[in-house]
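Order of the sequence lines fixes the chain letters, A, B, ..., with proteins taken first and strands second; residue numbering starts at 1 for each chain. These values consider heavy atoms only, across backbone and side chains, with no hydrogens, waters or symmetry-generated copies. It should be emphasised that the depicted structure is a prediction, and the values quoted were computed from it without experimental measurement.
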Protein chains: 2
Amino acid sequence: MRPLFHPAVEDLKPEAILYALSDPERVAIFAQIAGLGSSGTCTALSNLGDRVIPKSSLSQHMKVLREAGLIRGERQGVEMRNHSRCQEVDSRFPGLIGAILSAYGRPPAATNAG
Amino acid sequence: MRPLFHPAVEDLKPEAILYALSDPERVAIFAQIAGLGSSGTCTALSNLGDRVIPKSSLSQHMKVLREAGLIRGERQGVEMRNHSRCQEVDSRFPGLIGAILSAYGRPPAATNAG
DNA sequence: TTCCATAGTTCAGAAATTCGGAACTGTTGA
DNA sequence: TCAACAGTTCCGAATTTCTGAACTATGGAA
């Protein structure tokens, strides 16, 4: 398995972020991770909505979020701890994540994306 | 040719807006329309970037922007006048368009999206 | 060490989407 | 009636997405 790729803050691309968050399922995942403040495992994120996301699909979703720079994933034992990169993204694109989450009716926690 | 579809403000979907603006070519088109303040024809929008967009592709792009509720197109004689729906979108999702255009390095005019 | 369970990734084929040239529609003007 | 023009629709090729199955990696038990 190849190591996970995480873009540097200066390499963040708005199109990747918008694309990643143009899928409600990914938004639910991201909002959960960002809302927790802490990390979350993939498995814990697989049944947020009205269906159970197949794990191969979930893995793809996580990859899209990761490569857009929205989350950081690091292996911890058997599982993967995912946490949001809201502050980094916000430093690069101020207000973007907040506006997006608000539009989805998922008001961001001030400490995470404000 | 079927009549153009434009969603009502209350039917705007964040996912459609983010998807539409996850393509830099569409962002360029939208920014041009929004920035003009006035309307623009499709043809005038076809060579904004570093390539000429084929007109069938351009037509698709316009459709995506239109159906996301970002622009309104109305036939005027032979051509189509397109104008932005920034204010309507902004009334529904405050700050969203501004944050997105800013992230793309296309600061929105205050009168159009603020 | 070997085996098993768990967490997540990668593979691969089917389904869906996107791209763009060619054909078409609708409007204007000669 | 015809030609020119603006934009849409069609349709086949290329790309992307989806997801079950196979695989990798880690940890714990025997």
Side-chain angles (χ1 to χ4, degrees), chain A residues 1-6 13 15-16 18-30 32-33 36 38-68 70-83, chain B residues 1-6 13 15-16 18-30 32-33 36 38-68 70-83:
Chain A
M1 264 170 222
R2 28 198 106 108
L4 303 182
F5 172 71
H6 295 95
K13 300 267 188 297
E15 55 266 43
L18 292 226
Y19 174 73
L21 297 180
S22 70
D23 180 328
E25 220 157 52
R26 280 194 293 263
V27 172
I29 294 168
F30 176 67
Q32 176 72 11
I33 294 174
L36 281 176
S38 68
S39 57
T41 64
C42 290
T43 313
L45 297 162
S46 65
N47 54 357
L48 292 176
D50 39 359
R51 69 153 190 158
V52 174
I53 306 175
K55 66 177 184 171
S56 59
S57 304
L58 183 64
S59 185
Q60 284 306 309
H61 283 328
M62 301 309 280
K63 182 180 179 184
V64 171
L65 290 170
R66 224 165 37 226
E67 300 194 344
L70 287 163
I71 63 175
R72 189 181 299 278
E74 38 195 44
R75 182 149 221 158
Q76 198 155 13
V78 226
E79 60 198 15
M80 184 81 71
R81 314 299 306 186
N82 296 287
H83 47 94
Chain B
M1 266 172 221
R2 26 197 108 107
L4 304 182
F5 172 71
H6 295 95
K13 300 269 189 296
E15 55 266 44
L18 292 225
Y19 174 73
L21 297 180
S22 70
D23 180 328
E25 219 157 53
R26 280 195 293 264
V27 173
I29 293 168
F30 176 67
Q32 176 73 11
I33 293 174
L36 280 176
S38 68
S39 56
T41 65
C42 290
T43 314
L45 297 162
S46 66
N47 54 356
L48 292 176
D50 39 0
R51 69 152 189 157
V52 174
I53 307 175
K55 64 179 184 171
S56 59
S57 303
L58 183 63
S59 185
Q60 283 306 310
H61 282 327
M62 301 309 280
K63 183 180 179 184
V64 171
L65 290 170
R66 222 165 37 227
E67 300 196 344
L70 288 163
I71 63 175
R72 189 181 297 279
E74 38 195 44
R75 183 151 219 159
Q76 199 155 10
V78 227
E79 59 198 18
M80 183 81 71
R81 313 299 306 188
N82 296 286
H83 48 95

* Asked: Can you tell me how far the CD atom of A/Glu15 sits from the CG atom of B/Leu21, to the nearest 0.5 Å?
  -> 11.5 Å
* Would you call B/Ile53 and B/Leu45 a side-chain contact if the rule is heavy atoms closer than 4.5 Å? -> no
* **Atom pair distance, as rounded to whole Å: CG in B/Leu4 and P in C/dG26** => 13 Å
* Atom pair CD (B/Glu67) and NE2 (B/His6), whose distance is rounded to the nearest 0.5 Å -> 9.0 Å
* Take atom CD1 of A/Ile53 and atom C1' of D/dG20, then tell me their distance rounded to the nearest Å. => 16 Å
* Using a cut-off of strictly less than 4.0 Å, decide whether A/Ser57 has a side-chain nitrogen or oxygen near OP1 or OP2 of D/dT19. => yes
What are the atom names and distances for every N/O pair under 3.5 Å that joins the protein to nucleotides 13-17 of chain D?
residue	atom	partner	partner atom	Å
D/dT17	OP1	A/Tyr19	OH	2.1

* Asked: A/Leu58 CG to C/dT10 C1': how many Å, rounded?
  -> 14 Å
* Structure fact -> With the side chain defined as heavy atoms from C-beta on, B/Gln60 is closest, among C/dG8, D/dG20, D/dT9, to D/dT9
* In whole angstrom, what separates A/Phe5's CZ from C/dT9's C1'? -> 17 Å
* Structure fact -> Sorted by chain and number, sequence neighbours left out, side-chain hydrogen bond (donor to acceptor under 3.5 Å, both in side chains) with B/Arg66 holds for none
Please list, for nucleotides 23-28 of chain D, all pairs of protein and nucleotide N/O atoms separated by less than 3.5 Å.
residue	atom	partner	partner atom	Å
D/dA25	OP1	A/Met1	N	3.4

* Could you list the residues that satisfy side-chain hydrogen bond (donor to acceptor under 3.5 Å, both in side chains) with B/Glu79, not counting sequence neighbours? => B/Arg81
* Structure fact -> B/Arg81 atom CZ is separated from C/dG26 atom C1', nearest whole Å, by 17 Å
* Tell me what A/Arg66 touches on the nucleic acid: a base, only sugar-phosphate, or nothing, going by heavy atoms under 4.0 Å. => sugar-phosphate
* Applying side-chain hydrogen bond (donor to acceptor under 3.5 Å, both in side chains), which residue pairs with at least one partner in residues 40-56 of chain B are found, sequence neighbours left out? -> B/Glu25-B/Arg51
* **Non-hydrogen side-chain atoms of A/Met62 and A/Ile33 separated by less than 4.5 Å** => yes
* Structure fact -> Atom CZ of B/Arg2 and atom C1' of D/dT9 are separated, to the nearest Å, by 7 Å
* Asked: How many Å lie between CD on A/Glu25 and C1' on D/dT19, as a whole number?
  -> 12 Å
* Asked: What nucleic acid atoms does B/Thr43 come within less than 4.0 Å of, heavy atoms only: base, sugar-phosphate, or nothing?
  -> sugar-phosphate
* To do: Determine whether any donor atom in the side chain of B/Ser59 lies under 3.5 Å from an acceptor atom in the base of D/dG7, or the reverse, and answer yes or no.
  => no
* Asked: Does the side-chain contact (heavy atoms from CB on, under 4.5 Å) test come out yes or no for A/Leu18 and B/Asp23, once each step is laid out?
  -> CA-CA 9 Å; A/Leu18 292 226; B/Asp23 180 328; over 6 Å; no
* If you check every side-chain atom of B/His61, which of D/dG7, D/dT9, C/dC19 has the closest atom? -> C/dC19
* Asked: Rounded to the Å, how far apart are B/Asn47 CG and C/dG20 P?
  -> 15 Å
* Passes side-chain contact (heavy atoms from CB on, under 4.5 Å), A/Leu70 versus A/Arg26? Steps please. -> CA-CA 11 Å; A/Leu70 287 163; A/Arg26 280 194 293 263; over 6 Å; no
